[in-house]
J.: 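Below is a structure I'd like to ask you about.
Numbered from 1 within each chain, the chains take letters A, B, ... in sequence-line order.
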Amino acid sequence: MSKTSSSKTPQTNGKSDSKKPSVKKEKTESTPSTKNIKSEPKSQSTPQSTKNGHSNKLKTPKNEPIVKTDAKTDSKKKVKEEANTPVKQEPTKNGKKRSAADLSQTESPKKRKKKEEEEEVWRWWEEKKYADGRKWTTLEHKGPLFEPGYVPLPDDIHFFYNGQRVKLSVEAEEVMTFYAKMLDHEYTQKDVFNTNFFNDWRKFMKESERTLIKDLKKCDFTKVAEYFKQKTEERKAMSKEEKKKLKEEAAEVKKLYGFCIWDRHKQPIGNYKIEPPGLFRGRGEHPKMGMVKKRINPEDVIINCGKDSQVPEPPAGHKWKEVRHDNMVAWLASWTENVQGNTKYVMLNAASRVKGERDWQKYEKARKLHRCIDKIRNNYMEDWKSKEMKVRQRAVAIYFIDKLALRAGNEKDEDEADTVGCCSLRIEHVKLHKDVEGVGEHVVEFDFLGKDSIRYQNKVAVEKQVYKNLVLFMENKNPEDELFDRLNTTILNSYLNECMDGLSAKVFRTYNASRTLQEQLDQMTKKKDSANDLILTYNRANRAVAILCNHQRAVPKTFAKSMENMQKKIQDKKDVIAEAESELKKAKTDLKNLKSVAAKKKYETAENKLKKLVESLKKLEIQVTDKEENKDIALGTSKLNYLDPRISIAWCKKHNVPIEKIYSKTQRDKFRWAIDMATAEYHFYNYEGEIVLRDLSHLDGMDGGNTTQEGDPDETQEPDDDEDED
DNA sequence: CGGACAACTTAGGAAGTCCCCC
DNA sequence: GGGGGACTTCCTAAGTTGTCCG
């Protein structure tokens with residue numbers, strides 16, 4: 001309620017230059033484990049340029065070709081080399097460490113071109129990070145891209161009210177088109193959506209329009225809707241050339257607006273386009289769905305760029321709300337969105353340094369958790385018996401987060417969809433069962449809406465002590481009361497932070513997700529599997545993670561039909577096999593009778609044919625199972641956000657699977673750092689001796705590893721000090 | 001401490017593109 | 001060679017986390 005009130009003060013002005021790029025503290029070399037085989041430059045903490053970090057080396061950085069690893073020339077040479085040397089020795093085997101130039105000499109022109117493109121890549125992972133929390137030293141960009149303004153409807157397209165043609169004022173008309181465009185969307189069937197829309201729409205009407213238009217039910221948008229449908233049809237029907245031209249134009253615009261110069265390197269921007277106006281589409285039962293999301297003008301936008309760089313030019317006749325130079329943040333532009341009052345940011349693309357570095361760090365943090373996970377688990381099990389209610393609740397909550405990969409669960413406002421995470425679970429979301437067939441004793445049944453109003457349903461057997469605690473927490477409470485009434489995410493996270501520097505609830509999700517992938521791959525990959533089987537194995541492992549994290553998707557609309565098709569194919573195949581079988585039989589008898597070379601050959605051919613057919617049937621059947629199991633599970637989310645890419649890459653290298661089979665182009669760009677540095681030997685957590693694999697058989701959530709710890713964590717690879725901010 | 005808020009990560013659906021089969 | 005399903009990318013909503021302030 002409170003935070004959303006539109007009266008949010010633009011308090012940004014006050015502190016204008018914000019948190020000043022002060023050098024917080026010179027972090028001393030943190031202690032990488034002594035036995036690291038290779039060490040990462042990342043562990044260095046000195047800023048790239050100069051000690052005090054204020055040298056704005058360049059005035060107006062131009063699109064200069066990307067500086068490749070300038071490691072050698074850096075002033076911090078000594079430290080750097082120390083860090084770099086070990087890197088060198090090992091990865092040479094993956095070839096990429098050699099400068100692209102060396103390689104290209106021996107390659108075909110086509111390949112060379114590819115290599116040259118690659119050369120544009122900023123190999124930031126071979127450089128040092130800023131240690132002072134600074135994000136950049138110089139930053140230049142063109143500002144965000146605005147949509148063209150509203151183009152009124154042509155004169156022959158009409159909106160009707162109560163059967164009557166009504167010509168609306170431009171403002172009211174524009175908002176009307178937002179609704180018309182969504183006419184055949186489910187949203188327009190919802191009361192909340194309609195009410196919110198209608199209320200907001202009326203604010204854009206002239207007085208006369210307002211007196212006329214009083215009932216949404218009497219509004220007829222169909223002609224307008226048809227008009228827009230027709231337009232999309234037209235767009236679809238465009239000739240190849242026209243489409244190509246449009247694409248090229250868009251590419252031109254992207255060239256200009258889609259990149260910035262970040263510390264002298266050209267870096268891709270993620271969302272350089274300002275969000276167009278429209279109707280707010282919340283997920284689930286969002287109280288604000290249907291409200292009008294206003295058009296953003298330059299006057300609403302704050303620009304962030306380097307002090308000495310060229311300030312982006314606002315569109316003609318406009319000016320920016322503010323221009324600031326805050327190098328402690330990563331955004332290039334920001335504005336406040338009117339529906340929820342949130343700040344929106346223009347930030348860099350996932351393939352950029354600033355995002356990549358954080359991503360890498362995230363996984364290092366998760367790996368670090370592995371080193372103290374036993375201790376943490378022992379602690380929370382101990383705390384299940386604590387005299388203090390708060391401690392018990394905290395312990396059970398962490399157990400859920402660890403075992404079930406639940407999110408932290410912040411409190412939410414009245415004017416947001418009612419969803420929960422761990423800390424905000426209510427009595428109504430859990431049921432206790434003494435015994436559930438097929439699950440076990442002391443079963444907790446979860447049923448709640450999580451992020452994006454995605455339902456989480458799970459029945460899990462828990463330790464007796466946990467069960468007892470839950471009974472206790474639920475005593476004398478109403479369904480709408482909080483399960484963990486003494487707990488919130490702040491308490492939880494500050495405790496976790498005490499356990500391990502930088503630890504917070506979400507790290508468990510990353511950790512358990514990546515660990516699961518690693519284990520599943522270790523466990524399921526067969527040495528002699530075919531390429532296809534390998535991919536299948538990978539997807540299986542990926543799926544285990546997606547299930548753990550409850551990453552769902554809507555069942556594709558075409559699912560049933562394409563399933564049917566596949567079944568038919570299988571049947572056909574079976575028929576063919578039957579045929580081949582009888583052929584074989586015949587060939588066999590022929591062979592017996594004739595004993596000729598030709599007959600023998602015929603027999604062998606028939607045999608081979610059958611064999612192939614059976615194989616392909618098997619393949620089809622696997623595919624069907626795969627498809628069925630996958631219909632409502634989204635693999636992409638975990639792949640992109642939770643799985644240490646080095647696990648996948650190492651696996652690819654080890655089993656000779658082309659990385660393209662696993663990662664799309666964009667994903668490869670995002671994970672370039674990992675592709676470059678992970679060798680076949682990389683392992684998410686190293687171990688000595690045998691590892692005990694966790695039982696994931698039920699795959700309905702995971703079975704926390706508290707009963708099964710593997711031998712010994714033992715960082716041997718990335719030393720990494722994971723020195724995040726502190 | 002609790003609330004507000006800034007900054008960032010994670011999320012699923014829609015739109016767009018690709019590609020495979022008929 | 002074109003229709004449609006699968007895969008990819010885009011879009012922006014919805015989370016988490018840490019900090020600041022009273």
Side-chain angles (χ1 to χ4, degrees), chain A residues 1-5 8-9 11-12 15 18-19 135 182 185-187 232 235-236 243 247 250 270-276 278 280-284 286 288-289 293 302 304 326 328-331 334 336-337 339-345 347-350 354-355 358-359 362 407-413 416-417 419-424 450-454 488-494 496-497 502-507 509-510 513 549-554 556-559 561-563 565-566 569 627 630 632 634-638 640-642 663-667 669 724-726:
Chain A
M1 233 190 230
S2 29
K3 94 170 188 195
T4 34
S5 62
K8 206 159 157 184
T9 46
Q11 46 88 254
T12 39
K15 50 175 183 177
S18 75
K19 310 155 218 161
K135 298 285 181 1
M182 290 179 74
H185 198 289
E186 276 181 28
Y187 272 111
T232 44
R235 231 178 311 125
K236 265 191 210 156
K243 277 186 183 164
K247 212 171 162 183
N271 54 333
Y272 58 93
K273 289 177 184 161
I274 292 279
E275 293 174 15
F280 176 75
R281 302 143 96 115
R283 313 265 168 84
H286 197 119
K288 293 193 166 184
M289 64 169 82
K293 193 169 114 171
I302 303 173
N304 191 35
D326 182 355
M328 299 300 280
V329 297
W331 53 268
S334 74
T336 303
E337 156 268 341
V339 176
Q340 315 222 62
N342 294 331
T343 315
K344 300 271 192 161
Y345 301 93
M347 289 195 192
L348 297 200
N349 179 286
V354 70
K355 294 290 182 189
R358 296 268 302 198
D359 208 38
K362 174 179 78 186
R407 297 187 185 82
N410 285 303
E411 272 139 63
K412 297 195 70 185
D413 277 344
E416 295 175 284
T419 62
V420 298
C422 187
C423 292
S424 48
K451 182 178 180 183
D452 290 312
S453 293
I454 296 294
N488 62 37
T489 54
T490 311
I491 297 171
L492 184 88
N493 278 337
S494 73
L496 290 175
N497 201 261
L503 185 62
S504 63
K506 81 189 195 83
V507 182
R509 253 167 102 78
T510 314
C549 294
N550 200 36
H551 290 142
Q552 300 185 22
R553 62 169 181 171
K557 287 191 183 74
T558 52
F559 178 79
K561 204 174 147 218
S562 74
M563 205 58 177
N565 291 344
M566 283 180 93
K569 253 192 196 165
K627 198 186 174 80
N630 236 4
D632 55 356
L635 299 186
T637 308
S638 50
L640 217 57
N641 299 304
Y642 287 104
Y663 289 133
S664 71
K665 175 78 175 73
T666 334
Q667 294 171 154
D669 285 343
D724 339 288
E725 47 285 285
D726 356 308

J.: May I have the distance from A:N342 (atom CG) to B:dA11 (atom P), rounded to whole angstrom?
T.: 18 Å
J.: May I ask you to evaluate whether A:K355 reaches the phosphate of B:dT9, defined as a side-chain N or O under 4.0 Å from OP1 or OP2?
T.: yes
J.: Does A:T343 make a side-chain N or O approach to OP1 or OP2 of B:dA6 shorter than 4.0 Å?
T.: yes
J.: Does B:dT10 have its OP1 or OP2 closer than 4.0 Å to a side-chain nitrogen or oxygen of A:H551?
T.: no
J.: Output the rounded distance in Å from CD (A:Q552) to P (B:dG13).
T.: 9 Å
J.: Nearest to the side chain of A:S504, which nucleotide is it out of C:dT17, B:dA11, B:dG2?
T.: C:dT17
J.: Verify salt bridge (charged side-chain N to carboxylate O under 4.0 Å, His left out) between A:E337 and A:K293, making sure each step is shown before the conclusion.
T.: CA-CA 7 Å; A:E337 156 268 341; A:K293 193 169 114 171; over 6 Å; no
J.: Select from A:N488 and A:Y345 the residue whose nearest nucleotide in DNA chain B is closer to the 5' end of that strand.
T.: A:N488
J.: To the nearest Å, how far apart are A:L492 CG and C:dT17 C1'?
T.: 12 Å
J.: By the 4.0 Å heavy-atom rule, please label A:L640 as base, sugar-phosphate, or nothing.
T.: nothing
J.: Using a 4.0 Å heavy-atom cut-off, does A:A417 contact any base of the nucleic acid, only the sugar-phosphate backbone, or nothing at all?
T.: nothing
J.: A:K362 side chain N/O closer than 4.0 Å to the phosphate oxygens (OP1, OP2) of B:dC8?
T.: no
J.: How does each nucleotide of nucleotides 7-13 of chain C score, in 5' to 3' order, for protein heavy atoms under 4.0 Å: base (B), sugar-phosphate only (S), or none (-)?
T.: -SS-SSS
J.: Pick the closest DNA chain C nucleotide for A:T419 and for A:L503 by heavy atoms, then say which residue is nearer the 5' end.
T.: A:T419
J.: Specify the closest pair of heavy atoms between A:L348 and A:K355, including all atoms of both residues, with the distance to one decimal.
T.: O-CE, 3.5 Å
J.: For residues A:G284 and A:M289, report the shortest heavy-atom separation together with the two atoms involved.
T.: O-CE, 3.3 Å
J.: Picking from C:dT17, B:dC8, B:dT10, which would you name as closest to the side chain of A:R358?
T.: B:dC8
J.: Show, in sequence, the C-alpha distance, side-chain angles and deciding distance for A:R407 and A:K506, and conclude whether the side chain to side chain contact (heavy atoms under 4.5 Å, CB included) test is met.
T.: CA-CA 6 Å; A:R407 297 187 185 82; A:K506 81 189 195 83; over 6 Å; no
J.: Let me know the distance between CG of A:N410 and P of C:dG15, rounded to the nearest Å.
T.: 10 Å
J.: Is A:N493 near enough to C:dT17 that one of its side-chain N or O atoms lies under 4.0 angstrom from OP1 or OP2?
T.: yes
J.: Reckon A:G421 touches a base, only the sugar-phosphate, or nothing at all at heavy-atom distances under 4.0 Å?
T.: nothing
J.: For A:K665, what residues pass the salt bridge (charged side-chain N to carboxylate O under 4.0 Å, His left out) criterion, not counting sequence neighbours?
T.: A:D669
J.: Which whole-number value in Å describes the distance from A:D632 CG to B:dG13 P?
T.: 11 Å
J.: Fit a plane to each ring of A:H286 and A:F280, take the angle between them on a 0 to 90° scale, and name the class: parallel (under 30°), tilted (30 to 60°) or perpendicular (over 60°).
T.: perpendicular
J.: Phosphate oxygens OP1/OP2 of B:dA11: is one of them under 4.0 Å from a side-chain N or O of A:R509?
T.: yes
J.: In Å and rounded to the nearest 0.5 Å, what is the NE2 to CZ distance from A:H551 to A:R553?
T.: 13.5 Å
